[in-house]
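Remember, it's 1-based here, ligands and their atoms both numbered in the order they're listed.
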Amino acid sequence: MYFGTDYYPEHWVYPYAGTPEEPESRWQRDAELMVAAGINVVRMGEFAWGLYEPEEGKYDFDWMKRAMDVMANTGIQVMLGTPTAAPPIWLAKKHPEILPLDEHGLPKHEGTRKAYCMNSSVYWDYCKKIITELARTLGKHPQLIAWQIENGLGGHNTESSFNEETRRDWHSWLKAKYETIERLNELMGTRFWTQTVTRFEDVPMPMTAPTVFNPALVLDWMRFSSDTIVAFVKMQADLLHELTPGIPVTNNLRALTRCFDHFDVADALDFVGVDSNATIKSKSSENACGIDMLRSLKKSNINTPGGDSGFWVVEQKSGNVNWQEVNSLVRPGVVRLFTYQCISRGATGVLYFLWRQARIGSEKFYGGVLTHDGRGENRVYREISHIGDEIKLLAPALRGTRVVAETCILFSHENEWAMQHGPQPNRYFNQREHIQLFYNALHDRNIPVDFARPTEDLSKYKMVIAPSLKLLAGGEADLLKLYVQNGGTLVGTFNTGLVDEHHIAPDNGYPHDLTDLFGMEVLEFDPLPPGEENHLTFKGAFPTSHLHPAKLWCDLIEPKECQILATYAKDFYTGRPAMTMNTFGLGKAIYIGTMSHQHFYYDLIVWLRQLCNLYPLLKVPDTVEVSLREKEDTKIYFLLNHQNSPVRIQFYKPMHDFLTGSTLQGNHDLPPHGVLVLDEQVVPKAEPEPAA
Ligand code: GLA
């Protein structure tokens with residue numbers, strides 16, 4: 001288990017720390033305080049290009065080597081960033097063509113981070129040069145255990161740029177995809193508004209225009225921009241693998257919020273790195289959902305430092321952020337709670353952002369492990385030292401354990417792009433909110449969840465939830481059918497299969513290619529404005545605790561072979577099916593033609609749990625989050641109280657409290673923001689006696 005912090009030694013030299021005689025003397029004190037807090041790894045250098053190369057071709061990596069040596073003295077290991085997220089000003093001055101142009105064709109100027117176009121071959125060349133120099137100079141340092149490529153991919157809305165070089169790459173990308181211009185015209189549907197082209201070079205980039213672009217073009221643009229980011233990551237990963245074989249590479253990803261395919265980026269990395277923005281105001285199930293999404297990006301071929309599986313949180317906020325309207329302090333115990341939330345969901349490394357509140361720059365009032373005074377007597381430092389002590393105890397037991405989920409939620413970026421861009425049946429529909437309704441219900445019942453792309457092998461899951469796959473490629477539909485055919489339970493919803501991968505609407509009924517799977521057809525759909533509701537009437541099989549509304553979208557379903565689970569209670573489609581179930585091969589396909597309130601999803605999960613033989617990890621009050629990491633002979637449960645008040649838990653059988661060594665039985669009060677780690681040795685099942 002790696003426990004660390006993001007350290008910027010370049011901020012802590014004279015005149016900001018140290019003395020004129022010994023400008024770097026503070027570093028030793030930092031390392032001592034880190035060791036005392038249980039820290040065994042630091043991430044450094046992701047914004048250091050201007051210091052590594054103050055003038056073109058004049059390199060200075062010595063200061064970083066000295067910082068790494070200080071870490072070596074105290075046994076702390078190092079993850080180094082490639083510094084490409086913040087090019088030096090001299091580079092933009094010499095090559096202004098690297099600056100990104102926005103959708104109006106206007107440049108975003110130098111003077112901050114992220115001011116570059118990722119399609120610029122000049123920028124690529126400079127990146128390769130600095131990475132090569134860095135890896136040759138520091139890549140063999142004994143403390144180095146990992147690289148972080150770039151920083152904050154796509155951050156500050158930098159996923160796309162509209163430079164001339166981007167345009168050339170765009171046209172090459174289209175040529176590679178469509179091969180002939182006739183095929184492009186046909187599949188992109190350019191006859192609409194007569195946008196046909198005779199040369200690839202004439203296909204526009206979706207810049208500011210009088211009205212909306214063809215959504216098929218926008219979808220390709222999103223794919224192209226994503227591929228640009230993936231190519232940039234891969235260029236760095238390949239270079240680092242060649243120069244420093246054996247040192248794994250990662251990046252700091254956020255919970256699938258940026259406009260690129262996070263699964264594709266994760267494929268190019270050795271392990272997933274995560275930025276966690278949990279703050280006091282976040283809802284626990286939203287944080288949990290984000291962590292599960294990120295863990296799910298890479299399910300195999302994981303190569304972390306130290307060889308454990310899982311992912312790293314390379315930026316866990318150690319205190320307040322600086323970008324909210326009001327940046328309140330994070331309450332005592334909450335950083336610990338969020339740290340355990342990440343660990344309980346599979347993290348094998350947690351690094352706090354940032355070691356010490358900077359005295360300079362735009363993030364100087366961001367919460368740090370240390371405050372500006374650097375004394376190490378502050379509340380957060382003490383809290384993190386306490387976590388550090390616990391992690392030392394816990395690490396050996398956690399080694400080799402994993403999160404195992406039998407339920408999966410499907411997510412694809414292409415689908416999300418198809419729902420974010422261009423005219424939509426209902427602008428108020430939000431896919432993330434829809435996903436969150438299902439996720440909350442599973443989370444609050446302590447049922448572990450993975451996320452997956454529809455193209456993945458789903459056979460290991462008992463239940464797959466597919467919320468609103470508006471864009472569904474033919475191959476994806478076939479895989480879903482195969483999954484159900486072989487015994488899986490699939491839950492699909494409204495806003496599914498309205499277009500194929502080319503953004504062409506089907507002429508053989510919605511949901512595209514799945515009408516046989518669900519045993520019904522959606523003939524029309526009626527989007528409802530916010531505040532307007534229909535209601536659901538349930539038929540026998542589906543027990544309900546509340547009256548459930550139908551909101552935002554009502555599919556008008558023509559049943560064929562399916563069973564009807566619920567109907568609409570009003571309007572001209574009163575009595576028409578709203579929810580159905582179909583047996584298909586050995587499995588079941590359930591279809592929910594509308595969106596409801598949270599209580600509906602709680603009822604749904606209670607029913608589905610029985611249908612699919614899914615069991616909650618532990619029976620505890622709903623407000624306690626439970627997760628499990630396991631290996632053959634060990635189960636480690638994490639119980640987290642996200643409330644401001646204590647929660648009473650009843651243990652029906654004795655459980656071993658890992659952190660205190662005591663046995664818990666009967667009533668136990670978990671304090672506000674409290675954490676329990678319970679371990680259980682699994683007794684292997686006795687082999688049946690061979691028949692005599
Ligand atoms: C991201 C970046 C960090 C820092 C934080 C502040 O996570 O990677 O460099 O700017 O945001 O929110």
Given the ring of W12, does R356 sit roughly above its face, with NZ or CZ under 6.0 Å from the centre of the six-membered ring and within 45° of the axis? yes
Distance filter under 4.0 Å to K317 heavy atoms, resulting ligand 1 atoms: 7 (O)
Under 4.0 Å from a heavy atom of W323: give me the atoms of ligand 1 that qualify, with their elements. 12 (O)
Could you tell me whether E46 approaches ligand 1 through its side chain, its backbone, both or neither, with non-hydrogen atoms closer than 4.0 Å? neither
Counting non-hydrogen protein atoms only, what is the nearest one to atom 9 (O) of ligand 1? Give residue, atom name and distance. R113 NH1, 3.0 Å
Residue-ligand contact N252/ligand 1, heavy atom below 4.0 Å: yes
If you compare all heavy atoms of G273 against all heavy atoms of T250, which two are closest, and at what distance to 0.1 Å? N-OG1, 2.8 Å
Numbered atoms of ligand 1 (with element) below 4.0 Å of F47, judged on heavy atoms: 9 (O)
Return the residue, atom name and 0.1 Å-rounded distance of the protein heavy atom closest to atom 10 (O) of ligand 1. E363 OE2, 2.4 Å
Let me see the working for F162 and W221 under ring pair (Phe, Tyr, Trp, His ring centres under 6.0 Å), right down to the final yes or no. CA-CA 11 Å; F162 298 86; W221 174 259; 5.1 Å; yes
CA sep, side-chain torsions, deciding dist, call: Q341, E625, side chain to side chain donor-acceptor pair (under 3.5 Å): CA-CA 9 Å; Q341 192 180 29; E625 180 178 312; 3.0 Å; yes
Taking only heavy atoms of D275, which atoms of ligand 1 are found under 4.0 Å from at least one of them? 1 (C), 7 (O), 8 (O)
Which bit of R254 is near ligand 1, meaning a heavy atom under 4.0 Å away: side chain, backbone, both or neither? side chain
Check the pair S226, D261 against side chain to side chain donor-acceptor pair (under 3.5 Å), reporting the backbone distance first and the verdict last. CA-CA 6 Å; S226 176; D261 194 314; 5.5 Å; no
Looking only at distances, can you tell me whether any N or O atom of Y8, backbone or side chain, sits closer than 3.5 Å to an N or O atom of ligand 1? no
Among N151, L354, N322, the residue with a heavy atom nearest to atom 2 (C) of ligand 1 is N151
Crowded around K140 NZ? As in, over 12 foreign heavy atoms under 6.0 Å? no
Can you report which non-hydrogen protein atom sits closest to atom 12 (O) of ligand 1, along with the distance? Y366 OH, 2.7 Å
Parallel under 30°, tilted from 30 to 60°, perpendicular over 60°: which one fits the rings of Y340 and F638? tilted
Heavy-atom proximity to atom 3 (C) of ligand 1 ranks first, among H156, E150, E315, Q148, for E315
Among Y123, Y116, Y126, whose ring pair (Phe, Tyr, Trp, His ring centres under 6.0 Å) with H95 holds? Y126
Atom CG of D373 with >12 non-hydrogen neighbours under 6.0 angstrom: yes
